[in-house]
Number of protein chains: 2
Amino acid sequence: MIIVKKHDLLRKELIKQFYYGKRLTLTELSKLTHKSLPLVTNTVNSLVEEGYVQEHGLAPSTGGRRALSFLLSDQLQRYIVAVAIDQLVTQVVIYDMMNKIMITPESTEITLFKDDPAVLTEITGFIKNYIVRSGIPAHQILGVGIGMPGFVNAVEGINYTFLKPDGDTSLKKHLATELGLPVFIDNDSSLIALAELKFGVAKDLKDVLVVNVGWGIGLGMVVNGSLFRGHTGYAGEFSHIPLSATNKICSCGKRGCLEVDTSLLVMIERAKAEMNNGTSSSMEKLYKKKGELPADEFLQAARAGDPLAVSIISDAAFLIGKGIATLIHIMNPGLIVLSGSGAIAGKILMAPIQQAINEFCIPWLAEQTEIEVSQLAADAKLLGSATLVIENCNFN
Amino acid sequence: MIIVKKHDLLRKELIKQFYYGKRLTLTELSKLTHKSLPLVTNTVNSLVEEGYVQEHGLAPSTGGRRALSFLLSDQLQRYIVAVAIDQLVTQVVIYDMMNKIMITPESTEITLFKDDPAVLTEITGFIKNYIVRSGIPAHQILGVGIGMPGFVNAVEGINYTFLKPDGDTSLKKHLATELGLPVFIDNDSSLIALAELKFGVAKDLKDVLVVNVGWGIGLGMVVNGSLFRGHTGYAGEFSHIPLSATNKICSCGKRGCLEVDTSLLVMIERAKAEMNNGTSSSMEKLYKKKGELPADEFLQAARAGDPLAVSIISDAAFLIGKGIATLIHIMNPGLIVLSGSGAIAGKILMAPIQQAINEFCIPWLAEQTEIEVSQLAADAKLLGSATLVIENCNFN
DNA sequence: ATAAACTTTATAATTTTTTTAAAAACTTTT
DNA sequence: AAAAGTTTTTAAAAAAATTATAAAGTTTAT
């Protein structure tokens, strides 16, 4: 039988608040957790005794008696392993509880293919190796958070699209036994939204949609201040809504999907094709030399103002904007965030998106929604994975 | 100063549960309200003393001691005025607390036009007259619930599209002073969704979308078991998402809106045009005689299998289905309900909608969502208005 | 400048609510 | 028909939220 401490739930909630809010007073904590001050006071005191939390002087005056402030103890040796898997690259990093990078991040090029057991072995080995080399003992690691594309059931810990382990075990369980650590997995777009909600422009907002511009177009939804997953966990399948007029067939087998014309993969293919057709571009030299065009270089060229890259991104962005117009009508969000690795080209995305919104949105509705580019951008992925651990681990 | 009774919140919640659940035991109420049994027991007892609730024998056995059951007192003389306003007709009815019709419903043909103060006066007079003639004293009326199309801010009680009163007062306040009763207003599609959630096929479900098939196509959204309104209250503006390939300009000024091809108004216009062009139909006789084609007759003809009506509805339904495919991708709902007055033609709608879903949805996602036709259909509107009163009034 | 008035936080006392335990009422099984 | 098992009801104990009071710090007025 597992004995659960009395204040355990509030204890967890308080640690989370310290993780998100850094330096907090008892009154603030009471409001954030919707618990009474005496109860919060007692629980924080026991957290201080435990060594988890420490006093940190008086908070700035607000016109009356100054409050004591608290934060997570700097003696606290607890770390989080954050993993971001995408179609081509797997990244891993170890953060401390202040979201400071403890161990230099590493990445490896592993292409995600359906039903190939070797890929899972490779990724597992990569993560395990990184953790072992970090030298951090297992009892100081709160857990491993993993974000990945595909239809992910976060509760069951199953990815129905990629990395299916042999037998009837779930990916989560499989990794947990392989790594000897608690493992939590979720859809990459959901985690990016979580990162934006806790640390980004969406902080403390209630109704936000986060568009993940990356290899595909993903969507993470925040409803009533928390992640919305839908009836069975697959809400936000934005990239396959019927929008485009093209006849190209999507990987999902349907026609007209948003993804066909807006994924970074397609954009790069188009750039290469145009260069092969003789269109000149600053990317030419690199492309001719390597025979490839990495996404980073493509985005970099666009930021530097390369006409070809800018024009390709603009075309895609207009279609994304048409999709966003649909989202605004249905969800009436307060804010839409452009995030994910593609958000580095945020400024270029904004104009055509705004144009599409003007064309396809009822003005009255469009007015109610702000559109912003993420500050976190490429960091959102890993930060989201870390947040997933904090949201689900047990802090012992 | 207003003195608020201690148990007031729980008291209200319990009365609501009795309204929705009819006959309930203390244990059931405890679970429904998430309050402890002793507390619920005390509060129900005081409700019995008050005369609001009465004991009603033992509940059916569940294998142990049989529980006492309670229901709203049959001596309780409390009534609800439910009003449903649409583009052409305004209906009103008085229900008792068992949703039984107390006074024969009445309706009047008042066309809703923007910024014409006479319309508001007319509608106000119609409602007032109905209430006065009912002979029910004001103190027995819990409130007046009104559902109407347009951009409605339910909290402020303002309809930004229709029925704007002179001066800086809100529609809600204006009607409340005119009628001398508490008034609550909301968007018609939201109220239809509320009716389906509390009394229809969506009862007790968590993630449901209710499509209001009527003069336009509306959408009421249920997220996490309660009505979702979005950041500023206008979520579910389904009918103006960019979908259709036609070039017809919508009333909103944009092209490609779902509404252009799917509203009942447009369907009837098309039927009339086809008949003028010589297409034979069972509706011909009536149309020639009246020079008009009422919606009821059109829907009736479709149900009776008239080929013209069926074909027109089927074409519209396919487009609605395309819109529903988008909704399934974004929201991943457990259930989509076809409701509103057009749901009478539910069987005819189903086939083309299902076809569109097959064509535009990822099969894996489509599997997770049920599509059902409402049982309430035309009653949903007024039932929703009544529910709005129950959700917001003070039961005194 | 200094004291009074006002704010805000911290702690103690009280009340409310929940949790746990025990008793009562009814079913089902042996 | 009695015993064992359920479920509801009532009672006692524990936990938590309110309310009240005290303490600490700011601002305002003299």
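On a predicted model such as this, the values are computed, not experimentally measured, just so you know. Lettering follows sequence order; numbering is per chain, from 1.
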Heavy-atom nearest nucleotide on DNA chain C taken for A:Ala67 and for A:Pro38; more 5' hit belongs to A:Ala67
Side-chain heavy-atom pair A:Thr232, B:Asn332 within 4.5 angstrom cut-off: yes
Tell me whether B:Gln375 at atom CD has more than 12 heavy atoms from other residues, nucleotides or ligands lying less than 6.0 Å away. no
Item to check | Carboxylate-amine/guanidinium contact B:Asp186 B:Arg229, below 4.0 Å | outcome: yes
- Can you find a side-chain donor-acceptor pair between B:Arg11 and B:Thr43 that sits under 3.5 Å? no
To the nearest angstrom, the CG-C1' distance between B:Leu9 and C:dT17 comes to 14 Å
Whole-Å distance, B:Leu58 CG to C:dC26 P, equals 7 Å
note: A:Leu37, atom CG; D:dT18, atom C1'; distance rounded to Å ~ 12 Å
For the backbone of B:Tyr79 and the side chain of B:Asp96, can you confirm whether one donor and one acceptor N or O come within less than 3.5 Å of each other? no
*Say whether, by atom type as modelled, one donor and one acceptor occur between the side chain of B:Thr177 and the main chain of B:Lys173 under 3.5 angstrom.*
yes
Worksheet entry | Residues B:Asp204, B:Lys198: salt bridge by 4.0 Å N-O rule | no
With the side chain defined as heavy atoms from C-beta on, B:Leu26 is closest, among D:dA17, D:dT9, C:dT11, to D:dT9
query: Quick one: is B:Lys35 getting a side-chain N or O under 4.0 Å of the C:dT17 phosphate, OP1 or OP2?
result: no
Of the candidates C:dT11, D:dG25, C:dT18, the side chain of B:Leu39 sits closest to C:dT18
What residues 27-34 of chain A contributes to the DNA chain D interface at heavy-atom separation below 4.0 Å is none
Grab the N/O contacts between the protein and nucleotides 23-25 of chain C below 3.5 Å, and write none if there aren't any.
from: C:dA24; atom 1: N3; to: B:Arg65; atom 2: NH1; distance (Å): 3.2
from: C:dA25; atom 1: O4'; to: B:Arg65; atom 2: NE; distance (Å): 3.2

Does some side-chain heavy atom of A:Glu196 sit less than 4.5 Å from a side-chain heavy atom of A:Leu383?
no
Atom CG of B:Asn45 and atom P of D:dT9 are separated, to the nearest Å, by 10 Å
Between CG of B:Asn42 and P of C:dT17 the distance, given in whole Å, is 9 Å
Practice problem: Inspect the surroundings of CD in B:Glu370 and state if more than 12 heavy atoms from other residues, nucleotides or ligands are less than 6.0 Å away. | Solution: no
